[in-house]
Each structure stands twice: as C-alpha cells, then as structure tokens.
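Proteins come first, then strands; the chains are lettered A, B, ... in the order of their sequence lines, and each starts at number 1. What you see is a predicted model, and the numbers here were worked out from it, not measured in a lab.
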2 protein chains.
Amino acid sequence: MEMNQLNSSYIGAEYTMSIISGKWKPLIIYHLRQGTKRYGQIKRLVPDASPKVLIQQLKELEHDGIINRKSYPEVPPKVEYSVTAKGRSLYPVLDLLWFWSHQKL
Amino acid sequence: MEMNQLNSSYIGAEYTMSIISGKWKPLIIYHLRQGTKRYGQIKRLVPDASPKVLIQQLKELEHDGIINRKSYPEVPPKVEYSVTAKGRSLYPVLDLLWFWSHQKL
DNA sequence: CCGCATCCAGGCGGATACTG
DNA sequence: CAGTATCCGCCTGGATGCGG
C-alpha cells in the first residue's frame with residue numbers, strides 16, 4: 001500500500017490520533033523511548049499527572065499495543081513499562097507532529 | 001531545524017493534534033484538498049455533521065490559519081472555503097496518520 | 001511501591017428549531 | 001444559502017483518599 005495514492009479520505013487518521021491523544025501519552029512515549037522505566041520513574045518524569053490519570057493513560061497505551069507492562073511478583077512490587085514494536089512504529093508520526101508544530105510558516 | 005535531532009520532548013505534538021482533532025476536521029480538509037468549495041457543498045460532503053458543529057469546525061480551522069473563508073456580498077449569500085499554505089503543509093501529517101492506521105504490524 | 005474508588009467540573013459534540 | 005440559538009448528554013481529566 002502506497003501512501004501517495006488513494007487515501008480514500010482521511011478515515012483512519014482519527015484512529016491514529018485517538019491512540020496518541022491522551023493528555024500525557026506523547027510525553028509518556030517520549031520518556032519510554034529512552035528505555036524501559038519503572039512506574040515510579042515515569043511518575044517522577046510526568047509529575048503533573050495524577051496517579052489515576054497516569055495509570056489510565058498507561059493502561060490505554062498498553063491496551064492499544066503501544067507499550068508493554070511487565071509486573072514482577074516481588075515485595076515491594078515492581079512494574080516495568082517499555083515500548084512495543086508497534087509503539088516504535090509511532091515514532092515517525094510523533095516526530096512529524098512535533099516538527100510541524102515547531103515550523104515557521 | 002532538523003527533525004532527527006533534539007525533539008526536546010514531544011511537547012508540541014499535542015498542539016498539532018489539537019488543530020486537526022476536531023470530529024470532522026480531517027474529512028473537511030480532505031474534501032477541500034480537492035479544491036475550493038462552497039458551504040453547501042461541504043455540508044453535502046459531510047452530511048452527518050450538524051450545521052452547528054460543521055460551522056464550529058470550519059471556524060476553528062479558519063482561526064488556526066488552516067483554511068480560508070471568502071464571503072461574497074450577494075443575495076443569496078455565497079461563501080467559499082479553501083485550504084491555506086499552512087493548511088497544505090498539514091497534508092504530509094494527515095497522510096502519515098492515515099497511513100499508520102492502515103498498516104499491518 | 002503500585003495502584004484503585006469515588007466524586008466532580010469543563011468542554012466537545014449532537015438534536016432541533018429558527019434567521020438575515 | 002449560510003449560518004444561529006438553545007438545550008443537553010457524554011467523556012476526559014482533575015482531586016483526594018484508600019488498599020494489596
């Protein structure tokens with residue numbers, strides 16, 4: 001499928017946006033892009049997100065197959081988040097969105 | 001400014017999305033991409049949008065400099081909408097969003 | 001340490017009827 | 001023809017306190 005032809009409309013663009021358009025999702029993905037992180041680390045990197053919302057966004061990203069959650073059966077608990085292959089395929093999209101916003105026209 | 005370096009975080013990606021993430025905006029831009037259109041034509045091309053919401057989306061796109069509104073002082077009224085240069089610079093973004101959603105992983 | 005439960009507020013979009 | 005006006009439901013995200 002070639003991009004230059006037959007984007008029959010932009011149906012589907014909304015789908016992509018629905019996946020990355022949570023309040024903290026781009027930031028979460030950005031930080032996880034630097035490498036696997038524990039929940040507490042993410043919490044500190046995104047301090048303005050309340051725990052409820054942060055968990056919510058992580059769950060949605062996990063549900064959409066963008067990130068992976070790995071829980072270790074330890075005490076105290078340890079949970080690691082990392083970006084999946086599908087998630088990595090989003091990098092060019094987020095890069096372009098970022099780039100457009102910083103462009104002078 | 002190069003895209004491959006220093007996207008200091010993804011701050012800004014949200015801005016781009018806020019511009020194109022109205023319910024009918026991608027579809028509106030898609031249709032206007034084919035050429036200048038009158039309000040009534042857009043209304044027929046996007047029939048599921050109520051007049052209120054359609055106008056609202058057009059106004060926001062205009063306010064953000066994505067489309068241009070040209071009103072002719074005639075009776076009956078005639079209004080034409082077209083995509084601006086800034087709006088055209090969004091095409092690659094929307095194309096990529098569309099492409100990602102149709103990708104098999 | 002890593003969450004979940006509850007309550008709440010603001011904004012977006014839908015339905016319908018009306019106007020210069 | 002090209003919009004306005006009004007009312008209203010839903011969903012996202014925020015605040016706060018509790019639990020395994």
**OP:** Quick one: do A:W98 and B:T16 satisfy side chain to side chain donor-acceptor pair (under 3.5 Å)? Show the steps, please.
**Re:** CA-CA 7 Å; A:W98 172 87; B:T16 305; over 6 Å; no
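Atom-to-atom distance recorded for A:Y10:OH and B:S101:OG is 12.0 Å, nearest 0.5 angstrom. Note that CD1 of B:I67 and CG of B:L90 are 11.5 Å apart. Values are rounded to the nearest 0.5 Å.
At least one cation-pi condition fails for B:K37 and B:Y81: the charged atom is not both under 6.0 angstrom from the six-membered ring centre and inside a 45 degree cone around its axis.
For the pair B:L97 and A:Y15, the minimum side-chain heavy-atom distance is 4.5 Å or more. Contact check for B:R38 versus B:Y72: no side-chain heavy atoms found under the 4.5 Å cut-off. B:I20 has its side chain within reach of A:M17: a pair of non-hydrogen atoms, C-beta onward, lies under 4.5 Å apart. When side chains are defined from C-beta on, A:N68 does not count as touching A:T36, because their heavy atoms never get closer than 4.5 Å. Counting heavy atoms from C-beta on, the side chains of B:W100 and A:I19 come closer than 4.5 Å.
Spacing between atom CD1 of B:I55 and atom C1' of D:dT6 amounts to 17 Å, rounded to whole angstrom units. Taking atom CG on B:L58 and atom C1' on D:dG3, their separation rounds to 11 Å, with Å as the unit. Summarising the geometry, the separation between CD on B:E80 and C1' on D:dC1 is reported as 13 Å, rounded to the nearest angstrom.
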Original post:
How does protein contact run along nucleotides 6-20 of chain C, one letter per nucleotide 5' to 3', with B for base contact, S for sugar-phosphate only, - for none, heavy atoms under 4.0 Å?
Top reply: BB-----BBB----B
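Using a 4.0 Å cutoff on non-hydrogen atoms, the parts of residues 38-46 of chain B near DNA chain D are B:R38, B:Y39, B:G40, ordered by number.
Using a 4.0 Å cut-off between charged side-chain N and carboxylate O, A:D95 and A:R33 make a salt bridge. Contact check on A:K25 versus A:E60 returns a salt bridge, with a Lys/Arg side-chain nitrogen under 4.0 Å from an Asp/Glu carboxylate oxygen.
For the helix from C:dC1-D:dG20 to C:dG20-D:dC1, the rotation axes defined at the first and last 5 base pairs enclose an angle of 50°, given to the nearest 10°.
Remark: A:Y81 is not in phosphate contact with C:dC2, judged by side-chain N or O atoms under 4.0 Å from OP1 or OP2. Side-chain nitrogen and oxygen atoms of A:K59 include none within less than 4.0 Å of the OP1 or OP2 phosphate oxygen of C:dG3.
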